[in-house]
Amino acid sequence: MTNSPTLAVSVRGLRKRYADVVAVDGLDLEIAAGECFGLLGPNGAGKTTTIEICEGLTPADAGEVVVLGRTWTTDESELRERLGIQLQETQLAEKLTVYETVRLFRSFYTRGRSVEDVIRLVQLDEKRDGRVGKLSGGQKQRLALACAIVGDPELLFLDEPTTGLDPQSRRQIWELVEEFKATGRSILLTTHYMDEAERLCDRVAIVDHGRVIALGTPRELIASLGGDQVVEFVLSHVVGDGHVSEDVLHRLEGVRAARHLGSDNGDAWELHVSELHRTVPVLLAELARRDLHLAELRTHSATLEDVFVHLTGRQLRDE
């Protein structure tokens with residue numbers, strides 16, 4: 001891995017332990033300049049620890065981190081001027097107004113954007129003179145984003161920027177991130193929402209137990225499943241002596257992969273298929289031929305969630 005000037009972030013052999021817990025375990029990453037790169041994974045996967053080390057907020061136990069061609073040990077002051085950071089939880093002074101808060105953060109930088117322009121950009125014009133403590137959750141997240149971009153950063157760090165927000169507030173944050181992305185700047189964000197990663201990110205690293213287990217564009221990772229559609233079905237246990245196996249399901253038209261999900265609440269299966277309209281009829285016919293009865297049948301387009309489940313056997317989030 002080289003420290004090329006075309007890289008916004010270069011991470012090699014990153015390790016971090018907290019007592020007996022290994023948070024980051026030999027992680028490698030390269031993020032291109034102008035790229036929106038996502039770290040996707042469940043809570044506890046090591047995403048926040050990784051991004052905090054890249055932000056210079058947490059020291060690594062081992063490994064090398066180069067940000068915008070600089071290191072935190074030798075170039076901290078310069079890097080602070082060139083970065084924007086939105087933490088997973090941003091605690092702002094509740095008695096300050098929106099304008100006073102953004103103006104305060106603007107004062108931390110020798111150069112940056114107009115306070116008024118940034119407030120307008122994050123659509124808080126009407127709340128300009130309102131106190132932070134009176135803002136809604138979505139408005140506070142937009143204010144935190146305003147504080148992150150008021151220094152006109154080359155690289156923006158976003159740690160789970162939409163966690164806990166309602167759907168409308170999430171979409172508003174997405175639109176703001178897309179506007180920043182359109183300027184050609186670099187973004188590193190963490191999320192456990194697959195739809196967020198699919199919409200915003202040029203490339204994604206799926207992280208689990210402190211390691212990268214898959215890397216590529218969302219389309220590439222979804223294509224690695226071998227099918228664009230997913231069929232999930234559950235067989236009841238009450239009728240017939242027939243059975244179905246992976247080999248039988250693999251032979252059905254359009255099936256690219258078949259996986260048994262368990263038998264706790266019926267016999268559950270997952271298929272990745274290329275042509276849903278061809279596979280479902282032949283699946284139903286095969287089950288009927290074997291005197292097997294469906295308890296459930298669901299279909300959906302393949303997502304990054306399906307990639308994670310395929311790689312780990314677990315869900316991205318505990319519902």
Side-chain angles (χ1 to χ4, degrees), residues 1-33 35-91 108 144 148 153-161 163 186-193 197 201-216 221 304 307-308 311-318:
M1 188 178 297
T2 60
N3 298 330
S4 166
T6 61
L7 294 179
V9 178
S10 172
V11 176
R12 177 165 49 197
L14 192 63
R15 296 184 184 277
K16 182 66 179 180
R17 174 190 291 270
Y18 296 100
D20 295 331
V21 177
V22 178
V24 183
D25 189 13
L27 186 140
D28 294 335
L29 286 177
E30 285 189 346
I31 301 171
E35 179 176 40
C36 182
F37 190 95
L39 293 180
L40 178 64
N43 292 331
K47 306 185 305 298
T48 292
T49 299
T50 298
I51 203 171
E52 287 181 349
I53 292 172
C54 292
E55 292 166 344
L57 300 178
T58 300
D61 294 336
E64 180 185 52
V65 176
V66 179
V67 179
L68 299 175
R70 302 289 187 266
T71 67
W72 285 107
T73 54
T74 60
D75 308 292
E76 180 174 354
S77 295
E78 178 186 346
L79 281 173
R80 293 288 176 213
E81 289 280 341
R82 301 170 66 188
L83 303 181
I85 297 173
Q86 181 180 355
L87 302 175
Q88 191 172 126
E89 294 184 14
T90 304
Q91 299 296 327
F108 300 155
E154 298 171 46
L155 171 61
L156 180 62
F157 290 99
L158 302 173
D159 192 3
E160 300 195 5
T163 295
S186 307
I187 303 171
L188 172 57
L189 70 86
T190 73
T191 182
H192 55 244
Y193 296 120
C201 297
D202 300 305
R203 286 193 304 144
V204 169
I206 298 180
V207 180
D208 192 34
H209 299 302
R211 296 182 178 181
V212 175
I213 60 174
L215 175 66
L221 293 176
L304 290 174
V307 176
F308 184 81
L311 292 172
T312 67
R314 296 183 288 110
Q315 299 290 321
L316 267 171
R317 285 168 290 151
D318 296 327

Nearest heavy atoms of Cys54 and Trp72, plus distance in Å: O-NE1, 2.8 Å
Side-chain touch Val24/Arg15, heavy atoms, less than 4.5 angstrom: no
Among Val207, Val11, Leu14, side-chain contact (heavy atoms from CB on, under 4.5 Å) partner for Leu29: Val11
Worked check of side chain to side chain contact (heavy atoms under 4.5 Å, CB included) between Arg80 and Ile85: CA-CA 10 Å; Arg80 293 288 176 213; Ile85 297 173; 4.2 Å; yes
Pairs involving residues 51-62, ordered by first then second residue, that meet side chain to side chain donor-acceptor pair (under 3.5 Å) (sequence neighbours left out): Glu52-Thr58
Side chains of Val212 and Asp28 in contact at under 4.5 Å (non-hydrogen atoms): no
Worked check of side chain to side chain contact (heavy atoms under 4.5 Å, CB included) between Leu68 and Leu83: CA-CA 9 Å; Leu68 299 175; Leu83 303 181; 3.8 Å; yes
Qualifying residues under side chain to side chain contact (heavy atoms under 4.5 Å, CB included), relative to Val22, sequence neighbours excluded: Arg17, Asp25
Contact summary for Thr191 and Ala197, nearest pair of heavy atoms: CG2-CB, 4.1 Å
Interatomic spacing from CG in Leu158 to OG1 in Thr190 - rounded to 0.5 Å: 8.5 Å
Under the ring pair (Phe, Tyr, Trp, His ring centres under 6.0 Å) test, residues paired with Phe108 that sit two or more places apart: Phe105
Distance in Å, Thr48 OG1 paired with Ile53 CD1, rounded so as to fall on 0.5 Å steps: 11.0 Å
Interatomic spacing from CD1 in Ile51 to CG in Leu188 - rounded to 0.5 Å: 4.0 Å
Set of side chain to side chain donor-acceptor pair (under 3.5 Å) partners for Thr49, sequence neighbours left out: none
Pairwise distance CG(Leu189) to CZ(Phe157) - rounded to 0.5 angstrom: 11.5 Å
Qualifying residues under side chain to side chain donor-acceptor pair (under 3.5 Å), relative to Ser77, sequence neighbours excluded: none
Rounded distance [0.5 Å steps], CG in Leu221 versus CG in Leu215: 7.5 Å
Asp208 side-chain N/O to Ala45 backbone N/O, donor-acceptor pair under 3.5 Å: no
Side-chain heavy atoms of Lys16 within contact of Pro59, under 4.5 Å: yes
Partners passing side chain to side chain contact (heavy atoms under 4.5 Å, CB included) against Ser186 (at least two apart in sequence or in another chain): Ala8, Ala33, Leu155
Atom CZ of Arg82 with >12 non-hydrogen neighbours under 6.0 angstrom: yes
Heavy-atom closest contact (Ala148 atom, Gln86 atom, distance): CB-N, 4.1 Å
Side chain to side chain donor-acceptor pair (under 3.5 Å) partners for Glu76, two or more places apart: none
Qualifying residues under side chain to side chain contact (heavy atoms under 4.5 Å, CB included), relative to Leu311, sequence neighbours excluded: Ile213, Ala214, Val307
Side chain to side chain donor-acceptor pair (under 3.5 Å) partners for Thr163, two or more places apart: Glu160
Gap between atom CD1 of Ile31 and atom CD1 of Ile187 - 0.5 Å precision: 11.0 Å
